[in-house]
Asker: 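Input: one structure, supplied below.
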Amino acid sequence: MRRKIFIPSEHGAWAMVYTPFIITSFVLGEFNLKAVWLLLALTGIFFAHKPLEVLARLNPLSHNADLRRRSAIRWLAIYLIISLLSSAALILLYQLWLLLPIGLAAILYLSVHTFLISKKSDKTVFVEMLGILNLTGSAPALYYVLRGNLDQTALLLWAICLLYFISSIFYVKMLIGRFSKKPNSAELIRKCITYHLILMILLIVSLSLHLIPVLVIVGFLPVIGRTIWGIQVHQIQLNLRKVGLTEIALTLVFIVVTVAAFP
């Protein structure tokens with residue numbers, strides 16, 4: 001029987017981890033061995049989500065339950081060892097001690113998220129926003145590894161990525177609610193509109209206070225436009241694969257424009 005490799009299957013989660021990492025690397029104009037160690041550490045802890053999810057959802061009475069449990073535990077151990085060894089290299093070789101609390105926070109989130117999966121409570125907006133907060137932490141983590149400190153730019157890059165990806169939560173939930181005719185579809189539309197109104201206000205206020213370059217707003221325009229389209233369009237067949245591909249394309253635009261905004 002072929003062994004299955006347990007890796008995260010949600011494309012959005014991949015983007016949420018690696019987009020902030022890519023943006024930060026290009027903004028700083030730097031990618032070295034320390035960045036490679038961090039990339040391994042982040043990938044290890046990110047990939048650990050999948051075997052933990054399998055264990056949390058596993059029905060002990062299902063076919064091949066024991067085999068799936070052993071396989072999930074094996075891959076979980078592999079991922080955690082990769083993450084721990086890479087983190088240890090950064091901390092011991094480069095004295096980056098702030099990675100300790102950052103790593104502990106990631107492990108805490110991993111534990112809480114696994115518990116919520118076991119209780120089937122992991123799909124709420126709050127929990128998904130918490131997940132984005134954790135995943136986009138790759139931006140300040142890389143900034144700290146490359147520069148040795150956290151400053152306003154590090155937090156700004158984190159905030160920009162956080163706001164961008166939270167948009168996708170409200171947008172996708174709104175689309176699914178509308179076109180699957182869920183009873184709470186009107187509420188989902190209101191929440192989506194409210195978030196994007198708040199987003200636009202935050203961007204305008206930040207620009208007026210000279211906290212962000214004008215190009216940052218340009219990077220958000222495509223997702224604001226797709227949200228307006230999603231709210232207004234009628235009588236289309238929902239294709240989640242197409243939605244996902246569109247989100248990937250918009251994220252590529254976001255990466256290019258955001259990097260250009262920080263010369």
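What you see is a predicted model, and the numbers here were worked out from it, not measured in a lab.
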Asker: Under 3.5 Å, is there a donor-acceptor pair linking the side chains of Ser167 and Arg226?
Answerer: yes

Asker: Rounded at 0.5 Å granularity, tell me how far OG1 in Thr136 sits from CG in Leu163.
Answerer: 9.5 Å

Asker: How would you list, by chain and number, every residue that makes a salt bridge (Lys or Arg N to Asp or Glu O under 4.0 Å) with Arg57, sequence neighbours excluded?
Answerer: Glu53, Asp122

Asker: Compare all side-chain heavy atoms of Leu90 with those of Ser86 and state whether any distance is below 4.5 angstrom.
Answerer: no

Asker: Give the other cluster members for Ile81, using side-chain heavy-atom distances under 4.5 Å between Ile, Leu, Val, Met, Phe, Trp and Tyr residues; answer none if it is isolated.
Answerer: Leu85

Asker: Measure the shortest side-chain to side-chain distance between Tyr171 and Leu175 over non-hydrogen atoms and say whether it is less than 4.5 angstrom.
Answerer: yes

Asker: Look at the side-chain heavy atoms of Ile, Leu, Val, Met, Phe, Trp and Tyr, link any pair under 4.5 Å apart, and say whether Val257 and Leu221 land in one connected group.
Answerer: no

Asker: Indicate if Trp158 and Leu104 have the same hydrophobic cluster label, given that clusters are the connected sets of ILVMFWY residues with side-chain heavy-atom separations under 4.5 angstrom.
Answerer: no

Asker: Show every donor-acceptor pair shorter than 3.5 Å between a side-chain atom in residues 197-220 and any protein atom, with sequence neighbours excluded, or say none if there are none.
Answerer:
unit_1	atom_1	unit_2	atom_2	d
Ser206	OG	Leu202	O	2.7
Ser208	OG	Ile204	O	3.4
Ser208	OG	Val205	O	2.7

Asker: Kindly list each side-chain donor-acceptor pair under 3.5 angstrom involving residues 5-14, sequence neighbours excluded, with atom names and distances?
Answerer:
unit_1	atom_1	unit_2	atom_2	d
Glu10	OE2	Lys123	NZ	3.3
Trp14	NE1	Pro8	O	2.9

Asker: With side chain to side chain contact (heavy atoms under 4.5 Å, CB included) as the criterion, how do Ile45 and Ser83 come out once you've worked through the C-alpha distance, each side chain's angles and the decisive distance to 0.1 Å?
Answerer: CA-CA 6 Å; Ile45 199 71; Ser83 185; 3.9 Å; yes

Asker: Applying side chain to side chain contact (heavy atoms under 4.5 Å, CB included) to Thr251 and Val223, what does each step give before you reach the verdict?
Answerer: CA-CA 9 Å; Thr251 299; Val223 295; over 6 Å; no

Asker: Run Leu130 and Leu133 through side chain to side chain contact (heavy atoms under 4.5 Å, CB included) and show every step you take.
Answerer: CA-CA 5 Å; Leu130 189 63; Leu133 180 69; 4.3 Å; yes

Asker: With a 4.5 Å heavy-atom cut-off, do Leu98 and Leu150 have their side chains touching?
Answerer: yes

Asker: Measure the shortest side-chain to side-chain distance between Ile78 and Phe47 over non-hydrogen atoms and say whether it is less than 4.5 angstrom.
Answerer: no

Asker: Does the Asn134 side chain pair with the main chain of Gly137, one donor and one acceptor, at a distance under 3.5 Å?
Answerer: no

Asker: So, the side chain of Ser168 versus the backbone of Phe165: is there a donor-acceptor pair under 3.5 Å, distance only?
Answerer: yes

Asker: Can you find a heavy atom in the side chain of Met174 that is under 4.5 Å from one in the side chain of Ser185?
Answerer: no

Asker: Give a yes or no on whether Gln152 atom CD has more than 12 heavy-atom contacts from other residues, nucleotides or ligands under 6.0 Å away.
Answerer: no

Asker: When you compare the side chain of Leu92 with that of Trp97, does any pair of heavy atoms fall below 4.5 Å?
Answerer: yes

Asker: Indicate, with yes or no, if Tyr79 and Leu135 share a hydrophobic cluster defined by side-chain heavy-atom contacts under 4.5 Å among Ile, Leu, Val, Met, Phe, Trp and Tyr.
Answerer: yes

Asker: Is the backbone of Gly230 close enough, under 3.5 Å, to the side chain of Arg178 for a donor and an acceptor to pair up by distance?
Answerer: yes

Asker: Under the side chain to side chain contact (heavy atoms under 4.5 Å, CB included) criterion, do Arg69 and Asp66 qualify, and how do the steps go?
Answerer: CA-CA 5 Å; Arg69 181 183 296 105; Asp66 288 340; 2.8 Å; yes

Asker: Under 3.5 Å, which donor-acceptor pairs do the side chains of residues 106-120 form with other protein atoms, sequence neighbours left out?
Answerer:
unit_1	atom_1	unit_2	atom_2	d
Ser111	OG	Ile107	O	3.0
Thr114	OG1	Leu110	O	2.7
Ser118	OG	Phe115	O	2.5

Asker: Nearest 0.5 angstrom please: Ile228 CD1 to Ile193 CD1, how far?
Answerer: 10.0 Å

Asker: Do Tyr144 and Leu155 share a hydrophobic cluster (ILVMFWY, side-chain heavy atoms under 4.5 Å, transitive)?
Answerer: yes

Asker: Is the shortest heavy-atom distance from the side chain of Ile166 to the side chain of Tyr195 under 4.5 Å?
Answerer: yes

Asker: Kindly give the heavy-atom pair with the smallest separation between Ser25 and Leu142, and that separation in Å.
Answerer: N-CD2, 3.7 Å

Asker: Could you check whether any side-chain heavy atom of Tyr164 comes within less than 4.5 Å of a side-chain heavy atom of Thr258, counting everything from C-beta outward?
Answerer: no

Asker: Indicate if Phe254 and Val259 have the same hydrophobic cluster label, given that clusters are the connected sets of ILVMFWY residues with side-chain heavy-atom separations under 4.5 angstrom.
Answerer: yes

Asker: First locate atom CZ of Phe46, then atom CE of Met16, and finally report the distance between them rounded to the nearest 0.5 Å.
Answerer: 9.5 Å

Asker: Roughly how far apart are Cys192 SG and Ile169 CD1, rounded to 0.5 Å?
Answerer: 11.0 Å

Asker: Have Asn149 and Tyr143 got a donor and an acceptor in their side chains that come within less than 3.5 Å?
Answerer: no

Asker: Might you point out which heavy atoms bring Gly177 and Leu188 nearest each other, and give the distance in Å?
Answerer: CA-CD1, 3.7 Å

Asker: Looking at OG of Ser138 and CD1 of Ile102, how far apart are the two atoms once the value is rounded to the nearest 0.5 Å?
Answerer: 11.0 Å

Asker: Please find the pair of heavy atoms, one from Pro20 and one from Ala15, that lie closest to each other, and give the distance.
Answerer: CD-O, 3.7 Å

Asker: List the atom pairs, with distances to 0.1 Å, where a side-chain N or O of residues 26-43 and a protein N or O form a donor-acceptor pair under 3.5 Å, not counting sequence neighbours.
Answerer:
unit_1	atom_1	unit_2	atom_2	d
Glu30	OE2	Asn32	ND2	3.1
Asn32	OD1	Lys34	N	3.1
Asn32	OD1	Ala35	N	3.1
Lys34	NZ	Val145	O	3.2
Thr43	OG1	Tyr18	OH	2.8
Thr43	OG1	Leu39	O	2.7

